[in-house]
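Computed from a predicted structure; not experimentally measured.
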There are 2 protein chains.
Amino acid sequence: MHKESEILERYIKSKDLRHTPQREKILNIFLSTEKHLSADELHKLVKKRDSDIGYTTVYRAIKLFSKCGLLSEVDFGDGIMRFEHKYGHGHHDHLVCTKCGKFIEVIKPRIEKLQESLAKEHGFKPTRHKLQIFGTCRRCSMKK
Amino acid sequence: MHKESEILERYIKSKDLRHTPQREKILNIFLSTEKHLSADELHKLVKKRDSDIGYTTVYRAIKLFSKCGLLSEVDFGDGIMRFEHKYGHGHHDHLVCTKCGKFIEVIKPRIEKLQESLAKEHGFKPTRHKLQIFGTCRRCSMKK
DNA sequence: TATCTATTGAAAATGATTTTCAATATTACC
DNA sequence: GGTAATATTGAAAATCATTTTCAATAGATA
């Protein structure tokens with residue numbers, strides 16, 4: 001059993017929730033996909049393997065995974081909630097290609113430091129931040 | 001006539017649109033409010049002065065102002081589109097207080113530069129970016 | 001003033017997400 | 001293993017911000 005399943009099981013036990021085959025399948029498919037999926041996209045993938053799982057269940061599983069720290073939501077401002085793996089992934093920023101939709105996760109410690117000091121200069125106690133750089137990726141720039 | 005009205009009028013003429021009293025009123029109220037309003041909040045303010053203006057008209061005016069560069073949309077990730085004055089306001093980032101909702105517009109040239117180089121390191125041609133730092137503002141920190 | 005067509009506002013539609021609810025499944029306990 | 005308590009499921013309905021529709025109205029141009 002992978003670490004993520006353990007985390008989910010531990011959370012389920014601690015909150016008097018229940019283990020279900022649906023949650024297990026949804027988690028496995030989420031973990032095996034290295035993309036920013038939307039709930040709808042995940043539901044489609046899930047249905048390929050088990051057509052009896054409804055999208056409500058997928059939505060609810062997403063919320064659950066988010067609560068136990070396996071998933072985090074990403075908002076690129078197009079009105080669709082996407083999500084990414086959280087366990088084992090530290091904080092990072094995003095470079096998002098507006099042509100093909102691909103993205104890169106990046107981290108620049110100097111930017112992080114400057115953000116900290118920027119907040120402090122204004123009396124803010126920062127808790128989290130979101131940095132997204134939109135543009136054209138190398139491949140899309142070449143295609144013209 | 002203030003500069004913003006001129007800009008709107010010029011845009012309206014150039015696109016064969018029409019000047020209407022509704023647009024004029026909505027623009028004036030938008031300009032006189034130094035807050036991040038949502039469409040619904042703006043509509044409420046507008047209705048105080050003219051109860052005959054529907055929210056559809058307010059929504060459409062927002063899109064129009066956005067197109068002529070008077071307004072830009074701000075998305076703090078709560079599912080509600082808010083907007084701010086754009087004319088005369090350069091690019092800036094946001095410090096957002098998660099307790100009281102207040103925000104500060106900030107700019108740190110060194111962060112901007114580092115973002116540029118971060119993008120280039122990864123072959124990205126950046127077009128725009130969004131940086132939001134969430135936290136607690138000075139006043140809310142004091143309140144405990 | 002006449003005509004063309006952009007604009008308006010109410011209501012309906014949209015689309016992502018959430019809630020409801022009756023049926024079912026899981027867990028703890030006997 | 002059986003049973004009771006209750007969490008979960010899935011379909012359908014509800015939500016909520018936003019957008020579209022459409023018939024009536026009102027700017028702009030000639």
Problem - Distance-only donor-acceptor check, side chains B/His91 and B/Glu105, under 3.5 Å - result: no
Strictly under 3.5 Å: I want the nitrogen or oxygen pairs between protein and nucleotides 22-24 of chain C, one per line.
none

Exercise for the section: Please list residues of residues 58-87 of chain B whose heavy atoms come under 4.0 Å from any atom in DNA chain D, ordered by number; otherwise none. Expected result: B/Tyr59, B/Arg60, B/Lys63, B/Gly79, B/Ile80, B/Met81
Exercise for the section: Using heavy atoms and a sub-4.0 Å distance, could you list which residues of residues 10-24 of chain B are near DNA chain C? By number, please. Expected result: B/Asp16, B/Leu17, B/Arg18, B/Thr20, B/Gln22, B/Arg23
Practice task
Hey, can you tell me if A/Phe134 and A/Phe76 have their rings parallel, tilted or perpendicular (30° and 60° cut-offs)?
Solution key: perpendicular
Problem - Pair B/His43 + B/Tyr59: ring centers closer than 6.0 Å - result: no
Exercise for the section: Classify the side-chain pair B/Glu84/B/His89 by whether it contains a donor and acceptor separated by less than 3.5 Å. Expected result: no
Fill in the blank from the handout: Atom CG of B/Asp40 and atom P of D/dC16 are separated, to the nearest Å, by 12 Å
Practice task
Send over the distance from A/Glu41 CD to C/dA16 C1', rounded to a whole Å.
Solution key: 13 Å
Problem - Side chain to side chain, B/His129 and B/Asp93, heavy atoms closer than 4.5 Å - result: yes
Problem - Separation of atom OH in B/Tyr55 from atom P in D/dT18, rounded to whole Å - result: 11 Å
Practice task
Could you tell me whether B/Asp52 contacts a base, only the sugar-phosphate backbone, or nothing, with contacts defined as non-hydrogen atoms closer than 4.0 Å?
Solution key: sugar-phosphate
Practice task
Say whether, by atom type as modelled, one donor and one acceptor occur between the side chain of B/Gln132 and the main chain of B/Asp75 under 3.5 angstrom.
Solution key: yes
Handout entry: Proximity of B/Phe103 and B/His36 rings by center, below 6.0 Å
Key = yes
Problem - Shared hydrophobic cluster for A/Ile80 and A/Leu45 (ILVMFWY, side-chain gaps under 4.5 Å) - result: no
Exercise for the section: Any chance you could lay out the side chain to side chain contact (heavy atoms under 4.5 Å, CB included) test for B/Lys25 and B/Val46, step after step, and finish with the verdict? Expected result: CA-CA 7 Å; B/Lys25 284 179 191 162; B/Val46 167; 5.5 Å; no
Problem - Residue pair A/Glu9, A/Glu4: steps toward the side chain to side chain contact (heavy atoms under 4.5 Å, CB included) verdict - result: CA-CA 9 Å; A/Glu9 291 307 313; A/Glu4 287 90 340; over 6 Å; no
Practice task
For B/His43 and D/dC16, give me the distance from atom NE2 to atom C1', rounded to whole Å.
Solution key: 16 Å
Handout entry: Same apolar cluster: B/Val74 and A/Phe124, side chain cutoff 4.5 Å
Key = no
Handout entry: Whole-Å distance separating the NZ atom of A/Lys25 from the P atom of C/dA25
Key = 13 Å
Exercise for the section: To the nearest Å, give me how far apart CD (A/Glu9) and P (D/dA7) are. Expected result: 17 Å
